[in-house]
Amino acid sequence: MKPKKKAVSKAVTKPSSNGDKQRFTLHGTMMSGPTYTVGLMLSLCRHPFSYIHVNLREGQHKQPDYLVKNRYGQVPALRDGQMFLVQSAAILEHLAESLKKFDGKTPMERIRVREWLFWQWDKLSLPVLRLRARNRGFRQFGDEVRTMYDTEAKAALAVLEHELAKSDWIVGKKPTIADIGIFAVVRYTPEALIDLTPYPNVGTWKKRIEALPGFGTPEQILPMESRLL
Ligand SMILES: N[C@@H](CCC(=O)N[C@@H](CS)C(=O)NCC(=O)O)C(=O)O
């Protein structure tokens, strides 16, 4: 079906001064945390983007025309001009470098930012997103595995809590893609049936991100249907 042309959501209505509004097209689904990560970054950068809904239920992500965009057969994929980028953490890094926003200020900060993004996928994302998928009925596994993921997710949240007790942001004095990537997992903890009360600094940091200009929820940033600019 031909994608409909739709109005841009509020979160992305103010383009950056050097913004070419046809530069980026995000392929993904609204329910996908990694798709939201990329949408949130573009929204916080105030950079408009076209959006193509990929229907995972119908297996569109495994079709040859999608696999040329994302060889792993997953969402998201981001078109930047002629180039397709995949893996949300790598996309965040590319956007931070090319838009010159939300990166570390010094070489050491930039290394730390990337360190946290690797940590996020190593320790936090998998248990939280698997528990969320189970709770929503997208994945089935028994209580033993559920307890294992729950323990792993809470251990990762304790590491984050310890770090955020020392400063407002994960790296340096300003929000970076480390905050954006990690936020886009932590926001799903209620759907993973994980209570954030024992992690008060994580809770305060989460509110700090939600107060940033350009912030939006997945529902505000990612439409249900395709949207071409
Ligand atoms: N590490 C990848 C994870 C992407 C991912 O897990 N995407 C899910 C949706 S949230 C997906 O496409 N699942 C379908 C599949 O793996 O076949 C990223 O950050 O982009």
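Because the structure is predicted, anything quoted here is derived from the model rather than measured. Start at 1 and go down the list; that is how both ligands and their atoms are numbered.
Proximity of Asp179 to Val171: side-chain heavy atoms (C-beta onward) are nowhere separated by under 4.5 Å.
The residue Tyr72 has no part lying near ligand 1, judged by heavy-atom distances below 4.0 Å. Residue contacts with ligand 1 for Met31 are absent, since no atom lies close enough (heavy atoms, distance under 4.0 Å). At a heavy-atom cutoff of 4.0 Å, ligand 1 is contacted by both the backbone and the side chain of Ser88.
Ranking protein heavy atoms by distance to atom 17 (O) of ligand 1, first place goes to Lys62 NZ, 2.7 Å. For atom 10 (S) of ligand 1, the closest non-hydrogen atom of the protein is Ser32 OG, 3.3 Å. When hydrogens are left out, the protein atom nearest atom 1 (N) of ligand 1 is Gln87 OE1, 2.7 Å; that is the closest non-hydrogen contact. When hydrogens are left out, the protein atom nearest atom 6 (O) of ligand 1 is Gln74 NE2, 3.4 Å; that is the closest non-hydrogen contact.
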| Working for salt bridge (Lys or Arg N to Asp or Glu O under 4.0 Å), residues Lys174 and Asp103 | CA-CA 9 Å; Lys174 295 261 168 72; Asp103 210 343; over 6 Å; no

When you look at Glu210 and Lys207, which way does the salt bridge (Lys or Arg N to Asp or Glu O under 4.0 Å) test go after all the steps?
CA-CA 5 Å; Glu210 286 162 353; Lys207 290 200 182 87; over 6 Å; no

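Annotation for ligand 1: atoms under 4.0 Å from non-hydrogen atoms of Pro34 are 4 (C), 10 (S), 18 (C), 19 (O), 20 (O). Contact atoms of ligand 1 toward Pro76: 20 (O) (distance under 4.0 Å to a heavy atom of the residue). The ligand atoms of ligand 1 that sit less than 4.0 angstrom from a heavy atom of Gly73 are 15 (C), 17 (O).
For a threshold of 3.5 Å applied to N or O pairs, the pair formed by Val75 and ligand 1 contains at least one separation below that value.
Cation-pi contact between Arg187 and Tyr36: present, with separation from the ring centre below 6.0 Å and deviation from the ring axis of at most 45°. The cationic atom of Arg132 (NZ for Lys, CZ for Arg) lies less than 6.0 Å from the six-membered ring centre of Tyr188 and within 45° of the ring axis.
Checked by atom type, the side-chain pair Glu161/Asn201 shows a donor-acceptor distance below 3.5 Å.
Residues meeting the side chain to side chain contact (heavy atoms under 4.5 Å, CB included) test with Arg139, sequence neighbours left out: Arg130, Ala133, Phe141.
Aromatic pair Tyr51/His27: ring centres not closer than 6.0 Å.
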